[in-house]
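These notes are about the structure you will find just below.
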Amino acid sequence: MRMVDLIEKKRNGLELTAEEIHWIITGYTNGTIPDYQMSALAMTIFYQGMTKAEMTELTMAMVESGDQIDLSSIAGIKVDKHSTGGVGDKTTLVLAPLVASVGVPVAKMSGRGLGHTGGTLDKLEAIKGFQIELSEETFIKQVNDLHIAVIGQSGELTPADKKLYALRDVTATVDSIPLIASSIMSKKIAAGSDAICLDVKVGSGAFMKDIESARSLAKAMVDIADHSGRKAAAFLTNMQEPLGFAIGNALEIKEAVATLKGHGPADLTELSLVIGSYMVYFAGHADSVEVARAMLEANIANGKAYEKFEAFVVAQHGDLAMIQNLDLLPGAAYVIAVPAPKAGYIHEIEAIALGHAAMTLGAGRQTKDDTIDYGVGVVLAKKVGDAVAVGEAVAYLHANREDVAKEIETVISGITIQAEPATKLPLIYEIID
C-alpha cells in the first residue's frame with residue numbers, strides 16, 4: 001500500500017477498508033507515515049466524512065495501538081460514563097458512588113482538567129490524602145469488594161489517538177465528527193468497558209455549541225459502540241448555563257456530597273439519576289430504566305449512596321473528616337458578592353464566561369503545568385429563570401486575593417437580565433440509544 005493512494009481514495013469519497021485503516025494507524029504510530037501525509041488524510045476526512053464501518057475500524061485501530069485494560073476479573077458488566085466537558089460538571093462525583101451503591105461495578109479512569117476547572121481527579125485531590133494512583137491488583141480488588149474505584153489512566157492507552165489529536169490541533173481538523181467520535185470511543189474501549197453512557201454537552205460552555213452538531217457526534221459514538229459489540233446511550237444535555245451552582249474543585253465536592261444526601265441542585269440530581277439509571281440498566285441490575293431510577297432514588301433517600309462515597313474516600317486514603325465536616329476542605333480567604341447591575345429575570349448565564357472567571361481565580365489550568373488552587377471558584381446565587389433585584393448577588397467569588405474586579409466584570413458580562421420572565425431550556429434535549 002501507498003499512503004498517497006489512500007489519501008486520493010478518501011479524497012474522492014470512496015470507503016477505506018479495514019485493512020487500509022489499520023495499516024495507516026500502525027504506520028503513523030510507528031513513524032513510517034509522516035505528519036504531512038496524515039494531515040492530508042485528516043483534512044480529507046474532515047470534508048468527506050466516514051462511514052460507520054470506517055469510524056469503527058479507525059477506533060479499533062487506535063485501541064490496538066497501545067495498552068488495553070483487562071477488566072474481565074471484575075465480576076459483572078462494567079459500564080463507563082464519559083462527558084464531553086462543561087462548566088460545573090461534577091456528575092462523576094455523584095454518579096460513581098450512586099451507581100455503585102446498588103452493586104454495579106464502577107471501574108473508572110478519569111483525567112485532569114485543562115481549562116476552567118480541574119478534572120475529576122483534581123476535584124478528588126481536594127480531599128487531603130486522596131490517592132488517584134492504585135496498582136492494577138488493588139484497583140480490581142477494590143472494585144470487586146466495594147464496587148467503585150476512580151483512578152488516573154495508567155500505561156500507554158491509545159498512543160495513536162494522542163499523536164493524531166496533536167496533529168489535528170494544528171491543522172484545523174479538531175472539529176471533525178468522525179475524528180472526535182473515534183478519539184473518545186478509542187479511549188473508552190481501551191479502558192475495558194462493556195457498555196458506555198455518553199454525556200454530550202451542548203451550549204456556550206461546551207465543545208459542541210449547537211444541538212445538530214451534538215446529535216451528529218452522539219449518533220457517531222453510539223454507532224461505533226454498536227459496531228464494536230458494546231451497548232451505549234448518549235445524552236444531549238444543556239450546557240448553556242453551568243451545571244449546579246458551584247464551579248471549583250472543593251466547592252464541587254461539597255455540592256456532590258449535598259446531592260448524594262438528597263439536597264443538591266435539581267439539575268445535577270436529575271442528570272445523575274437519568275444517566276445513572278441507564279448505567280444500572282445496562283449492567284443488568286434492573287429490568288428497565290424506570291426500575292433502575294427507583295433503586296437510585298431509594299439509595300439517596302436511605303443514605304446508602306452517601307455511605308458509598310464515604311467508603312470510597314476511605315478506600316483511596318482520603319481524609320474522611322473532610323467529608324464529614326465539609327468546612328475542613330480547602331477554602332478561600334475572601335467570598336465576594338457579584339451584584340446584579342439591574343432588576344429583572346435571568347435569561348442567560350453564559351457558562352464559558354463563568355468558567356473563565358473561575359480559571360483566572362485559580363480553579364483551573366491555562367497550561368498543563370499550572371498549579372490548581374482547590375479552594376477558589378464561583379458559586380451561583382441565581383439560575384436561569386430566577387428573578388433578581390438591582391444590587392442583589394447573582395454569584396459569589398471565592399478568592400484568595402482581594403482584587404477580583406476583572407472576574408466580577410467577566411461574570412456580569414456572562415449574565416443576561418431582562419424585564420420579562422424567562423423560559424428555561426430543557427436539561428436533557430434528547431437521548432440516543
Side-chain angles (χ1 to χ4, degrees), residues 60 63 67-82 91-111 120-121 124 130-155 157 185-199 225-226 228-233 260 272-300 302-318 433:
M60 297 312 296
V63 169
D67 297 337
Q68 297 180 56
I69 307 300
D70 182 6
L71 300 180
S72 59
S73 57
I74 296 175
I77 297 171
K78 279 69 69 178
V79 186
D80 202 354
K81 169 260 176 189
H82 175 79
T91 317
T92 295
L93 300 175
V94 178
L95 267 178
L98 176 58
V99 171
S101 74
V102 299
V104 174
V106 179
K108 183 108 180 84
M109 293 188 184
S110 292
T120 298
L121 299 182
L124 287 169
F130 194 96
Q131 296 295 311
I132 55 103
E133 294 182 6
L134 302 176
S135 68
E136 183 176 335
E137 181 183 359
T138 301
F139 177 67
I140 289 172
K141 184 178 187 306
Q142 183 173 313
V143 177
N144 275 325
D145 293 347
L146 195 62
H147 300 122
I148 179 174
V150 179
I151 60 171
Q153 284 189 359
S154 59
L157 297 184
M185 294 303 290
S186 66
K187 290 190 280 286
K188 293 290 104 182
I189 292 171
S193 55
D194 301 312
I196 306 161
C197 287
L198 301 151
D199 183 2
D226 184 48
S228 63
R230 289 163 176 82
K231 293 179 182 178
L260 288 166
S272 300
L273 286 169
V274 170
I275 298 177
S277 298
Y278 273 80
M279 292 175 73
V280 173
Y281 174 61
F282 281 165
H285 283 243
D287 294 332
S288 68
V289 173
E290 292 75 20
V291 170
R293 180 177 178 125
M295 294 166 64
L296 297 177
E297 288 175 335
N299 276 15
I300 290 175
N302 63 27
K304 289 183 179 179
Y306 169 69
E307 288 171 8
K308 183 64 69 173
F309 185 74
E310 279 198 350
F312 161 56
V313 169
V314 170
Q316 295 194 216
H317 308 288
D433 61 5

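- Applying the side-chain hydrogen bond (donor to acceptor under 3.5 Å, both in side chains) criterion to K187, with sequence neighbours excluded, gives D161, S183.
- Here the closest heavy-atom approach between residue D433 and residue A233 is recorded as CB-CB, 3.7 Å.
- S73 OG to N144 CG: the interatomic distance, rounded to the nearest 0.5 Å, is 6.5 Å.
- Between K108 and D80 there is a salt bridge, since a side-chain N of the basic residue sits under 4.0 Å from a carboxylate O of the acidic one.
- The nearest pair of heavy atoms linking M109 to I69 is CE-CG1, 3.6 Å.
- Note: I189 CD1 to L157 CG = 12.5 Å, rounded to the nearest 0.5 Å.
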Trace of the side-chain contact (heavy atoms from CB on, under 4.5 Å) decision for L124 with F312:
CA-CA 11 Å; L124 287 169; F312 161 56; 4.0 Å; yes
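- Taking P105 as the reference, I74, K78, V143 meet the side chain to side chain contact (heavy atoms under 4.5 Å, CB included) condition, with sequence neighbours excluded.
- Nearest heavy-atom pair, A286 versus V291, reported as atom, atom and distance to 0.1 Å: CB-CG1, 4.0 Å.
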Could you pull out every donor-acceptor pair under 3.5 Å between side chains of residues 272-279 and any protein atom, sequence neighbours left out?
from	atom 1	to	atom 2	distance (Å)
S272	OG	L268	O	2.8
S277	OG	L273	O	2.5
S277	OG	R293	N	3.4

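- In terms of modelled atom types and a separation under 3.5 Å, the side chain of Q131 and the main chain of Q316 share no donor-acceptor contact.
- For the atom pair CD1 of I196 and CE of M185, the computed distance is 3.5 Å after rounding to the nearest 0.5 Å.
- In this structure, H147 and K308 approach most closely via the heavy-atom pair ND1-NZ, 4.2 Å.
- Contact of the V280 side chain with the V99 side chain is registered, since non-hydrogen atoms from C-beta on lie closer than 4.5 Å.
- Here the CG-OG distance, from L296 to S101, works out to 6.5 Å after rounding to the nearest 0.5 Å.
- Annotation: F282, atom CZ; neighbour count of heavy atoms from other residues, nucleotides and ligands within 6.0 Å is above 12.
- Residues forming a side chain to side chain contact (heavy atoms under 4.5 Å, CB included) with N302 (at least two apart in sequence, or on another chain): N299, K304.
- In terms of the side chain to side chain contact (heavy atoms under 4.5 Å, CB included) criterion, residue partners of S135 (sequence neighbours excluded) are, by chain and number, E137, T138.
- With P97 as reference, L260 is the one residue of L146, V150, T92, L260 to meet the side-chain contact (heavy atoms from CB on, under 4.5 Å) rule.
- The minimum heavy-atom distance between L121 and G152, with the atom names listed, is CD1-CA, 3.5 Å.
- Residue G103 comes nearest to H285 through the heavy atom pair O-CE1, 3.2 Å, listed as atom of the first residue, atom of the second, then distance.
- By the side chain to side chain contact (heavy atoms under 4.5 Å, CB included) test, Q68 pairs with V63, E64, sequence neighbours left out.
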